[in-house]
Amino acid sequence: MSGRIERGAKERGLTKRRRLEMETIGFIGLGIMGAPMAGHLLDAGYSVIASDHRSKPPADLVGKGLKTVSGNDAVAKAVDIIITMVPDTPQVADVLFGENSVASGLSKGKLVIDMSSISPIATKEFAKKINDLGCDYLDAPVSGGEVGAKAASLTIMVGGEEVAFERARPVFEKMGKNITLVGPNGVGQTTKVANQIVVALTIEAVGEALVFASKAGADPAKVRQALMGGLAASRILEVHGERMIKRTFAPGFRIELHQKDLNLALEGAKALGVSLPNTSTTQQLFNSCAANGGAKEDHSALVRALERMANFEVGGDAAETKCKAA
């Protein structure tokens, strides 16, 4: 008994020392993705601080020990590493450089990590401004959606200096599995845009396949099961194909956010003189979904645009060939 008590005391002491050695983290953007990501950091023993000046943080994070201050500048002053996870480029700009901004609370030696999905061009500008303040900057967008955020299995694509990346690696490892330094600032965001092209076009392909098979009279669930055993198998066929069949379009990743990412792809392609014909077509399908009230649905709901054109819903009655309104 005494041995177990001694071991327990020793383990608690080690945990306490590990907490003292860990850098303090500020987390700005506790939404669908950010909340579980911050939760994993708290579970790992990190001290995490957020701002409460716009909204109250999730109660479960407070229960895990999340602390709050008033203002993004106050967050930056209180921590060693600042993580931002917000929807788009203007929001990142506001958090970093707007009123009561992160930049105004920085001091030399701190690290800013933007894990949002935003413009690679703007990212380079943001990085330079932060570097000029004597701080490091990493762009580290993620892939894996809400499921990956909750499971701490996100893919993290990082742009920045290697020294800053190695400093951040222990933090990234609490939130993701596939973590890669792909190049200098901006390249992380470029990689994420490329990822979103692949994801969007694959969702569109899965949607076409299931609409075609279902209207031809096949059971879409069995078609999906069969395809999962062949070369067409993919994570998107597995997860998003199931969503299409079961009509579960509550957002893991909203159509409006994927529209934003494809806009970045198309704007970048124009600047580079690159043609992205299938990306353009898929963006039009997302636009159709948004025009029919589906902007906040999961991006797997892209299938609805295909169904409208086919006048048939996946899993519907082949004899009636009716498509429900979006």
Side-chain angles (χ1 to χ4, degrees), residues 15 18-50 61 64-66 75-76 78-87 92 95-96 102 106 109-118 120 123-124 126-127 130-131 135-196 199 235 252-253 257 261:
T15 299
R18 280 197 294 269
R19 284 178 182 269
L20 292 173
E21 292 167 1
M22 289 176 171
E23 296 191 274
T24 304
I25 299 173
F27 209 109
I28 299 170
L30 299 173
I32 290 176
M33 298 288 290
M37 291 164 68
H40 294 311
L41 297 176
L42 288 164
D43 291 339
Y46 282 97
S47 176
V48 181
I49 298 175
L61 296 184
K64 289 182 177 184
L66 177 74
V75 173
V79 302
D80 304 301
I81 297 174
I82 302 94
I83 295 174
T84 56
M85 186 62 173
V86 296
V92 176
V95 167
L96 294 182
V102 164
L106 290 176
K110 297 195 176 187
L111 171 60
V112 176
I113 306 173
D114 178 37
M115 303 190 77
S116 319
S117 296
I118 67 167
T123 290
K124 293 177 184 179
F126 298 164
I130 296 298
N131 293 160
C135 301
D136 288 318
Y137 188 96
L138 295 174
D139 48 293
V142 303
S143 179
E146 182 182 9
V147 173
K150 289 182 175 179
S153 62
L154 293 167
T155 290
I156 306 176
M157 301 153 262
V158 188
E161 296 294 328
E162 187 170 358
V163 171
F165 173 72
E166 290 301 330
R167 178 181 176 183
R169 187 194 290 274
V171 177
F172 290 147
E173 288 175 345
K174 300 300 180 293
M175 300 181 285
K177 299 295 184 186
N178 181 22
I179 303 160
T180 308
L181 177 63
V182 290
N185 284 129
V187 177
Q189 294 294 351
T190 297
T191 304
K192 176 58 187 289
V193 171
N195 177 85
Q196 294 303 81
V199 171
R235 181 66 173 158
F253 188 76
L257 293 179
D261 292 339

I would like to know whether Ser143 and Asn195 meet side-chain hydrogen bond (donor to acceptor under 3.5 Å, both in side chains); could you show each step before the answer?
CA-CA 8 Å; Ser143 179; Asn195 177 85; 3.2 Å; yes

Run the side chain to side chain contact (heavy atoms under 4.5 Å, CB included) check on Val102 and Val75 step by step: do they pass?
CA-CA 7 Å; Val102 164; Val75 173; over 6 Å; no

Might you work through the side chain to side chain contact (heavy atoms under 4.5 Å, CB included) test for Ile156 and Met115, ending with a clear yes or no?
CA-CA 8 Å; Ile156 306 176; Met115 303 190 77; 4.1 Å; yes

Using side chain to side chain contact (heavy atoms under 4.5 Å, CB included), reason through Val171 and Ile83 one step at a time and then give a plain yes or no.
CA-CA 10 Å; Val171 177; Ile83 295 174; 4.0 Å; yes

Should Phe126 and Thr84 be marked as a side chain to side chain contact (heavy atoms under 4.5 Å, CB included) after you check the CA-CA gap, both sets of side-chain angles, and the distance that decides it?
CA-CA 13 Å; Phe126 298 164; Thr84 56; over 6 Å; no

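The neighbour count for Lys150 NZ, taken as heavy atoms of other residues, nucleotides or ligands under 6.0 Å away, does not exceed 12. At most 12 non-hydrogen atoms from other residues, nucleotides or ligands lie less than 6.0 angstrom from NZ of Lys124. Counting non-hydrogen atoms of other residues, nucleotides and ligands closer than 6.0 Å to CD of Glu162 gives a total of 12 or fewer. Counting heavy-atom neighbours within 6.0 Å of Glu146 CD, excluding the residue itself, gives a total above 12.
In this structure, the side-chain contact (heavy atoms from CB on, under 4.5 Å) partners of Val187, at least two apart in sequence or on a different chain, are Val182, Pro184, Thr191.
Rounding to the nearest 0.5 Å gives a distance of 8.5 Å between CD1 of Ile25 and CG of Asp80. The CG atom of Leu96 sits 9.0 Å away from the CD1 atom of Ile82 when rounded to the nearest 0.5 Å. Here the CE-CD1 distance, from Met157 to Ile179, works out to 11.5 Å after rounding to the nearest 0.5 Å. Between atom CZ of residue Phe172 and atom CZ of residue Arg167 there is a gap of 11.5 Å, rounded to the nearest 0.5 Å. Taking CE from Met175 and CE from Met85, the interatomic distance works out to 9.0 Å, rounded to the nearest 0.5 Å. Remark: Thr24 OG1 to Leu41 CG distance equals 12.0 Å, nearest 0.5 Å.
Shown here for Leu61 and Ala35, the closest heavy-atom pair between the two residues is CD2-O, 3.6 Å. Taking each heavy atom of Ala38 and Val48 in turn, the nearest pair found is O-CG2, 4.5 Å.
No side-chain heavy atom of Glu23 sits less than 4.5 Å from a side-chain heavy atom of Leu111.
Distance alone, capped at 3.5 Å, places no donor-acceptor pair between the His40 side chain and the Gly176 backbone. Looking at Lys110, its side chain does come within 3.5 Å of a backbone N or O of Val79 through a donor-acceptor pair. At distances below 3.5 Å, not a single donor-acceptor pair connects side-chain atoms of Thr123 with backbone N or O atoms of Gly186.
Note on residues 176-190: pairs passing side chain to side chain donor-acceptor pair (under 3.5 Å), not counting sequence neighbours, are Asp139-Asn185.
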